[in-house]
Every structure is written in C-alpha cells, then in structure tokens.
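We're numbering straight along the sequence, starting at 1. Atoms within a ligand are numbered from 1 in the order they appear, just like the ligands themselves.
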Amino acid sequence: MKLQGAITMIASIIISLTGCSNTKSSSTTDAAAEQSKPEPRVAFSADSAYRFVEAQCEFGPRVPNTEAHRLCGDYLLAQLQGYCNAVTEQRVDLRAYDGTLLKARNFVAEFYPDKPKRILLLAHWDCRPWADSDADEAKHHQPVMGANDGASGVGVALEIARLLAANEPNVGVDILLTDAEDWGDREGDSEDSWALGTRRWAANPHREGYVYPGSGILLDMVGDANAKFLKEYFSYQSDAKTLATLWALAAQLGHADRFVNDFGGAITDDHVEIIAAGIPCIDIIDQRKDTPTGFCPQWHTTDDTMSHISPATLAAVGETLSAYIFGMK
Ligand code: AHN
Ligand code: ZN
C-alpha cells in the first residue's frame, strides 16, 4: 500500500499553483424571468454545457486504452487548465476485473483551494467498452458512445468550471473528472469492479498534502431528455441534508419534474468510493422505475448518443448545482 502510494505520487503529473484564473465571461440574465424563480446570481448556460458534451462525443467512445480516450483526456485537461491554474493530472495503471491493464487518467481542478470550506464535484469521463444492455446481442461487443453515461456529467462539471473561473463563491470547489468507472462486471455482479479511478483517487489523492473536501456531489447520466433524478439510497444514507437541499432548490427553480421527490434504488457508483474514504457524498443519477435496467432505455446500448441529450435536462441539473454552490455560506 505504501509503495503503491509512492508510485502513484511519482506517476502524478503535477501542474500545481495556488488560486484560479479570474477571466471574466459575459453572462446575461433574462429580465423577464419568471417571478417565482429566484434570480440566479450566476447564469449556468445549458448551451455551453451541451457543447462540452458534444465535444467529448466527437472523439468517439472514450474507452480506456484507445486513441479517442487519449485525445479526449488531453481535451479535458486543456479545458480545465483554461479555467483553473491548480489542475493536476493523476495517471494511474488500474487492473480491471478481466485482467486488462487500464491506462487511466483522473483530472482534478482545485478552485479557490484556500477557502476553509470546500466541496467536491465529480463525474466519470470514460465510456463502457461493451454495449451489453443493447437489445441486439450482436452489439454487445461494441463500445458505448456515452453521451449520457459519462459525457453529460462532465459537460455540466466543465460548465461549472467556466462559472467558477469568473465568479468566486464562498466555498472552494474541487472538480474531479474520474476515469475507469465503467469497465465493471455485470455478469459476475462484482460490485468492486466499478469505479476504479475514483477508488484509486480516494485512497491515493492526486497530490501530497491534499485535504479532502467536506462533502461531494457526483453527476452521472444527467443529460437524457426524459431524466428522472430519484433520491438514491447510499446518497440518502450518507448525506440526507444535501440531498434535501438540492431537491428543494431544484423545485424552487421549476425543476421538480426532473428532480422527483421520490426514492430510487441503491446504485454502485463513484460516490460509494468517496463515501468509503470518509467524505459524505450524493449521486445525482437518472433512475427509472419503468425500465428493466432501472436506468434510461439507452443505458449501456449503442443508442446512448447525442440525439437523446437535452439542454433542458442539463439546465435543470446545472442551474440547481450553481444555485447550490454560489448560494453556500
Ligand atoms: C451498476 O450497474 C452496478 N452500477 C451503475 C454504475 C454506472 C455505470 N453508472 C454509469 N454506468
Ligand atoms: Zn455505464
């Protein structure tokens, strides 16, 4: 464990300074905004988030150890560096359940790291190598494009990064784009084959002296047009207060149709690894009660493409999240 930690540290490419860039971006607020909605202090752009999702998909499926994955990783790193001057790339070799050695890359952008109160915002950026929930079995060995499963959470996180570069909240925000979430074993039903990138980061953070944030929010599958964000079980166990606050904020902002006031199942996802490291964490994840998988119909199929991504869903998540972050005391 000690040796592994040291290797991880050495393997970390650290581009670390303090503070973050403060480039101003123009943001307009609609004067005729609905009266019932609180005027947002910081305007989340769903169009910008959508572009971030699309840009990832343009590389193709970002399956670890592929060229699309390598190029998209470079793109994500460059985007974060454009918004923050405390960005670290953590390169790690991870052994998947099937024996494959995954050349994984976690990216961390620390915004306002000197603020005593800090939160973690994370999303996985890798794509599943197999569309093994596809109705057509012939497609089970094709990769998933992951417009929703992967790119959507990252797209919202990048838009939040853009906002953080131009607006200083009262809290520090660490954005973690995590790798190797989706190479998990569904046949063997082994829980610990998922979320490998997050598990490694949680056990061996990206830099020496890093202090864990007080709480975390995971974004997973936050882009589908018909998304239903049900309150996920482990999230409720871990941080019922933040869950309640976010769902209440969403309702205030007019997004109760997507942030449904109901409970979903228990999902093995990146947040479980964050919670295991002692950080309370919730998962904003699209869950369905009317599909066989419990997720959207495109989940782990070749149909998880941009055609199902909706700016309105990205807006619901992004507006709620930015109201939360920029409203924190
Ligand atoms: C399981 O299917 C065990 N967990 C879902 C985690 C996941 C996969 N999120 C996106 N893709
Ligand atoms: Zn997945």
Side-chain angles (χ1 to χ4, degrees), residues 53 56-57 60-64 66 68-69 72 94 96-98 100 102 104 106 121-134 139-157 176-199 202 216-224 227-235 237-238 264-276 281-289 291-306 308-309 313 317:
V53 180
Q56 293 168 78
C57 291
R62 285 81 62 214
V63 172
T66 66
H69 181 269
C72 186
L94 302 168
Y97 78 94
D98 61 356
T100 308
L102 309 178
N106 293 326
L121 180 63
L122 72 156
H124 81 90
W125 68 275
D126 61 304
C127 295
R128 185 163 179 78
W130 320 284
D132 48 1
S133 287
D134 209 293
K139 293 180 175 169
H140 285 198
H141 295 282
Q142 290 181 27
V144 175
M145 176 55 85
N148 194 34
D149 189 358
S152 67
V154 172
V156 169
L176 166 64
L177 304 184
T178 187
D179 203 352
E181 186 278 335
D182 227 343
W183 200 291
D185 177 17
R186 285 187 61 216
E187 301 286 289
D189 213 23
S190 74
E191 306 273 291
D192 57 5
S193 61
W194 304 88
L196 301 182
T198 299
R199 185 173 313 146
I217 300 172
L218 167 63
L219 303 175
D220 194 6
M221 304 195 275
V222 293
D224 188 80
K228 297 286 177 205
F229 305 114
L230 306 181
K231 297 176 180 179
E232 188 274 335
Y233 180 83
F234 297 125
S235 307
Q237 293 295 305
S238 171
I267 313 292
T268 302
D269 206 347
D270 290 304
H271 67 313
V272 172
E273 303 299 332
I274 299 296
I275 294 167
C281 191
I282 67 153
D283 190 5
I284 300 179
I285 183 167
D286 181 4
Q287 292 191 63
R288 307 295 173 88
K289 293 192 163 173
T291 64
T293 64
F295 300 115
C296 70
Q298 295 77 30
W299 183 68
H300 292 184
T301 76
T302 55
D303 197 28
D304 180 1
T305 58
M306 284 308 292
H308 300 282
I309 300 297
T313 300
V317 175

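Residues R62 and A151 approach most closely at NH2-CB, 3.4 Å, considering heavy atoms.
The protein heavy-atom contact nearest to atom 8 (C) of ligand 1 is D182 OD1, 3.2 Å. Of all protein heavy atoms, the one closest to atom 9 (N) of ligand 1 is D220 OD2, 2.8 Å. Here the heavy atom of the protein found nearest to atom 7 (C) of ligand 1 is E181 OE2, 3.2 Å. Regarding atom 10 (C) of ligand 1, its nearest protein heavy-atom neighbour is D149 OD1, 3.0 Å. Given atom 5 (C) of ligand 1, the protein heavy atom at minimum distance is T268 O, 3.5 Å.
At least one donor-acceptor pair closer than 3.5 Å links the side chain of D286 to the backbone N or O of K228. A donor-acceptor distance shorter than 3.5 angstrom exists from the side chain of S152 to the backbone of V222, with no hydrogens or angles considered. A donor-acceptor pair under 3.5 Å is absent between the side-chain atoms of D179 and the main chain of G197, judged by distance alone.
Under 3.5 Å, the side chains of D185 and S193 contain no donor-acceptor pair of N or O atoms.
For D149 and R128, the salt-bridge test fails: no basic side-chain N is under 4.0 Å from an acidic carboxylate O.
Remark: ligand 1 atoms within the under-4.0 Å shell around heavy atoms of H300 are 8 (C), 11 (N).
Under the side-chain contact (heavy atoms from CB on, under 4.5 Å) criterion, T302 pairs with A131, D134, K139, Q142, not counting sequence neighbours.
For the Zn ion (ligand 2), the neighbouring protein N/O/S atoms at less than 2.8 Å, given as residue and atom, are D149 OD2, D182 OD1, D182 OD2, H300 NE2.
With values rounded to the nearest 0.5 angstrom, S235 atom OG is found 10.5 Å from I217 atom CD1.
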Worksheet entry | CA sep, side-chain torsions, deciding dist, call: W130, H300, ring pair (Phe, Tyr, Trp, His ring centres under 6.0 Å) | CA-CA 7 Å; W130 320 284; H300 292 184; 9.4 Å; no
